[in-house]
Participant: 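Please read through the structure below; I'll follow up with questions.
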2 protein chains.
Amino acid sequence: MIPTDLIKGSLKTIVLKLLKEEGPMHGYAITHKVEELTEGKMKLTYGALYPVLHKLEKDGSLVTASENFNNRIRIYYSLTPKGHTVVAERIKELNEFIESLQRIVDTKPGLSHA
Amino acid sequence: MIPTDLIKGSLKTIVLKLLKEEGPMHGYAITHKVEELTEGKMKLTYGALYPVLHKLEKDGSLVTASENFNNRIRIYYSLTPKGHTVVAERIKELNEFIESLQRIVDTKPGLSHA
DNA sequence: TTGCAATATATAAACAACTTATATATTAAA
DNA sequence: TTTAATATATAAGTTGTTTATATATTGCAA
């Protein structure tokens, strides 16, 4: 299992990226999708997820649409045009981040001064 | 430039990994090594770095050795046996994290229900 | 010789973010 | 009937980071 503190900074980007590829999703589905994609290695907590969703809504990256499903309220979040712009930028940053992490992790002793 | 909030969770692992490969380093050198390895994409702030170093020292993963260089004090941090155990575990987690991020970022529309 | 950039470490106040616990409510299965 | 799964949400407490600040030396340029 990936410790939650590693996920911290990437949560926002992960949420935006999923909404981009999957279309409108509700919070519960987002956590399940992440578990599915990562084979259970990454799990989001609701205490972290909902504040992020609300924040993205507030800043205009997401809009919500409530739906009634089996007497349960589902709140679907989807990207706004602004959200599409933001997600493109964020993914670019995340790719740079992944690349940088790999360089650091792949460093082997001696090679740096070879 | 990679925004600092992405780096947050990985800072501790990055520091441990560098010390593992490079041997004893002082804080200033750590920030420069990270910049070098990532071609300036990732920059550590001292306000974040020093608290992490002190914390790792406190929990027994690092020890310090002061040295006088050109009348400037340099505090070299190096891994303890415990630190070596910790870094191995952390790198494993970081690799899982990188892999998971890539799966999420590489997801393309339609493929998930193809 | 004055001032700026680079070297080198460190702390504190303010802010942001996450964890944990908690609350609510429905449906299906055991 | 009670447990698990579905579904969203907030608040208190904790942790961690940013920003600003302090200190001090060396080397270079004006």
Side-chain angles (χ1 to χ4, degrees), chain A residues 1-16 18-19 22 24-36 40 42-59 62-78 90 97, chain B residues 1-16 18-19 22 24-36 40 42-59 62-78 90 97:
Chain A
M1 262 284 289
I2 297 167
T4 47
D5 53 309
L6 271 181
I7 305 169
K8 287 185 192 208
S10 320
L11 183 52
K12 208 174 279 180
T13 306
I14 291 171
V15 168
L16 289 168
L18 285 182
L19 291 175
E22 302 289 325
M25 295 177 93
H26 50 101
Y28 191 71
I30 291 173
T31 65
H32 282 266
K33 190 71 194 175
V34 168
E35 282 191 46
E36 183 198 319
M42 201 185 274
K43 280 176 188 175
L44 308 184
T45 60
Y46 298 114
L49 177 63
Y50 285 110
V52 163
L53 287 171
H54 300 331
K55 203 178 174 190
L56 288 171
E57 189 188 1
K58 206 175 161 190
D59 82 20
L62 302 180
V63 284
T64 57
S66 296
E67 201 177 273
N68 221 302
F69 181 78
N70 275 1
N71 284 328
R72 287 192 206 103
I73 293 169
R74 276 182 176 174
I75 300 175
Y76 282 89
Y77 296 85
S78 51
R90 291 276 180 174
F97 176 56
Chain B
M1 262 285 286
I2 297 167
T4 47
D5 53 311
L6 271 182
I7 305 168
K8 287 185 191 209
S10 320
L11 181 53
K12 207 173 283 183
T13 305
I14 291 169
V15 168
L16 288 168
L18 285 183
L19 291 175
E22 302 290 323
M25 295 179 92
H26 51 102
Y28 191 73
I30 291 174
T31 65
H32 281 267
K33 189 72 194 173
V34 168
E35 281 190 47
E36 183 198 320
M42 201 186 273
K43 280 176 189 173
L44 308 185
T45 59
Y46 299 113
L49 177 63
Y50 285 110
V52 163
L53 288 171
H54 298 332
K55 202 179 175 189
L56 288 171
E57 188 188 0
K58 207 175 158 189
D59 83 18
L62 302 181
V63 283
T64 57
S66 295
E67 201 176 273
N68 221 303
F69 180 77
N70 276 359
N71 284 328
R72 287 192 206 102
I73 293 168
R74 275 183 175 172
I75 300 175
Y76 283 88
Y77 296 85
S78 52
R90 291 275 179 173
F97 176 58

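Quick note: numbers below take in every heavy atom, side chains included, and nothing from hydrogens, waters or symmetry partners.
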Participant: Give the rounded distance in Å between these two atoms: CG of Leu53(A) and P of dA9(D).
Facilitator: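 These atoms are roughly 8 Å apart.
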Participant: Return the nearest nucleotide to the side chain of Thr45(B); candidates are dT19(D), dT8(D), dT11(C).
Facilitator: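 Of the candidates, dT19(D) comes closest.
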Participant: Where the side chain of Tyr77(A) is concerned, which of dT19(C), dA9(D), dG16(D) is the nearest nucleotide?
Facilitator: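 Selected nucleotide (nearest to the side chain): dA9(D).
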Participant: dA17(C), OP1 or OP2 - any side-chain N/O from Lys55(A) closer than 4.0 Å?
Facilitator: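 Yes, Lys55(A) has a side-chain N/O under 4.0 Å of OP1/OP2 on dA17(C).
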Participant: Does the side chain of Lys8(A) reach to within under 4.5 Å of the side chain of Asp5(A), using non-hydrogen atoms?
Facilitator: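 Sidechains of Asp5(A) and Lys8(A): in contact.
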Participant: Do Leu6(A) and Ser10(B) touch side chain to side chain, with heavy atoms closer than 4.5 Å?
Facilitator: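 Sidechains of Ser10(B) and Leu6(A): in contact.
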Participant: Which nucleotide in the list dT15(D), dT8(D), dA17(C) gets nearest to the side chain of Ile75(A)?
Facilitator: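 That would be dT8(D).
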Participant: Quick one: is His32(A) getting a side-chain N or O under 4.0 Å of the dT6(D) phosphate, OP1 or OP2?
Facilitator: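 Indeed, a polar side-chain atom of His32(A) lies that close.
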Participant: For the side chain of Arg74(A), starting at C-beta, report the closest nucleotide among dA7(D), dT11(C), dT8(D).
Facilitator: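 Of the options given, the side chain of Arg74(A) lies nearest dA7(D).
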Participant: Side chain of Pro51(A): nearest nucleotide among dT17(D), dT10(D), dT8(D)?
Facilitator: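 Nearest listed nucleotide: dT10(D).
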Participant: Using whole Å, report how far OH of Tyr28(B) lies from P of dT9(C).
Facilitator: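 Going from Tyr28(B) (OH) to dT9(C) (P), I get 9 Å.
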Participant: Heavy atoms, side chains only, cut-off 4.5 Å: are Leu53(B) and Ile30(B) in contact?
Facilitator: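 Result yes, sub-4.5 Å side-chain heavy-atom pair found.
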Participant: Would you please classify the geometry between the Tyr46(B) ring and the Tyr28(B) ring as parallel, tilted or perpendicular, with 30° and 60° separating the classes?
Facilitator: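 Because their plane-to-plane angle is under 30°, the rings of Tyr28(B) and Tyr46(B) count as parallel.
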Participant: Expressed in angstrom and rounded to an integer, what is the separation of Leu49(B) atom CG from dA10(C) atom P?
Facilitator: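 Distance check: Leu49(B) CG to dA10(C) P gives 10 Å.
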Participant: Is there a side-chain contact between Tyr50(B) and the phosphate of dT9(C), meaning an N or O under 4.0 Å from OP1 or OP2?
Facilitator: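 The answer is yes; a side-chain N or O of Tyr50(B) sits under 4.0 Å from OP1 or OP2.
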Participant: What nucleotide, of dT9(C), dA7(D), dT19(C), holds the atom closest to the side chain of His26(A)?
Facilitator: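 Minimum distance to the His26(A) side chain belongs to dA7(D).
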Participant: When we call it a touch if two heavy atoms are under 4.0 Å apart, what does Gly47(B) touch: a base, just sugar-phosphate, or nothing?
Facilitator: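 Counting heavy atoms under 4.0 Å across all strands, the contact made by Gly47(B) includes a base.
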Participant: Are OP1 or OP2 of dT11(C) and a side-chain N or O of His54(B) less than 4.0 angstrom apart?
Facilitator: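 Affirmative; the distance criterion is met.
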Participant: Quick one: are Glu67(B) and His26(B) in side-chain contact, heavy atoms under 4.5 Å?
Facilitator: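 No - every pair of side-chain heavy atoms lies 4.5 Å or more apart.
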Participant: Would you say Thr4(B) places a side-chain N or O within less than 4.0 Å of OP1 or OP2 belonging to dT17(D)?
Facilitator: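 For Thr4(B), the contact criterion (side-chain N or O under 4.0 Å from OP1 or OP2 of dT17(D)) is not met.
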Participant: In whole angstrom, give the distance that lies between atom CG of Leu56(A) and atom P of dA9(D).
Facilitator: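 In whole Å, dA9(D) P lies 14 Å from Leu56(A) CG.
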Participant: Go through dC18(C), dT8(D), dT9(C) for me and flag the one nearest to the Tyr46(B) side chain.
Facilitator: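 So the side chain of Tyr46(B) is nearest to dT9(C).
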Participant: Please report the interatomic distance CG(Leu11(B)) to CE(Met42(B)), rounded to the nearest 0.5 Å.
Facilitator: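 Result: 9.5 Å between the selected atoms.
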Participant: Over how many whole Å does the gap from Asp5(B) atom CG to dT18(D) atom C1' extend?
Facilitator: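 Those two atoms, CG and C1', are 11 Å apart.
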Participant: Could you check how far CG of Leu11(A) sits from P of dA16(C), rounded to whole Å?
Facilitator: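 Atom-to-atom, Leu11(A) to dA16(C), this comes out as 17 Å.
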Participant: Please state how far atom CD in Glu67(B) lies from atom C1' in dT9(C), giving the value in whole angstrom units.
Facilitator: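 Roughly 15 Å, once rounded to whole Å.
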Participant: Could you tell me how far apart Asn68(A) (CG) and dT6(D) (C1') are, to the nearest whole angstrom?
Facilitator: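 Atom-to-atom, Asn68(A) to dT6(D), this comes out as 14 Å.
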Participant: Reckon Tyr76(A) touches a base, only the sugar-phosphate, or nothing at all at heavy-atom distances under 4.0 Å?
Facilitator: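 Since no nucleic acid heavy atom lies under 4.0 Å of Tyr76(A), the category is nothing.
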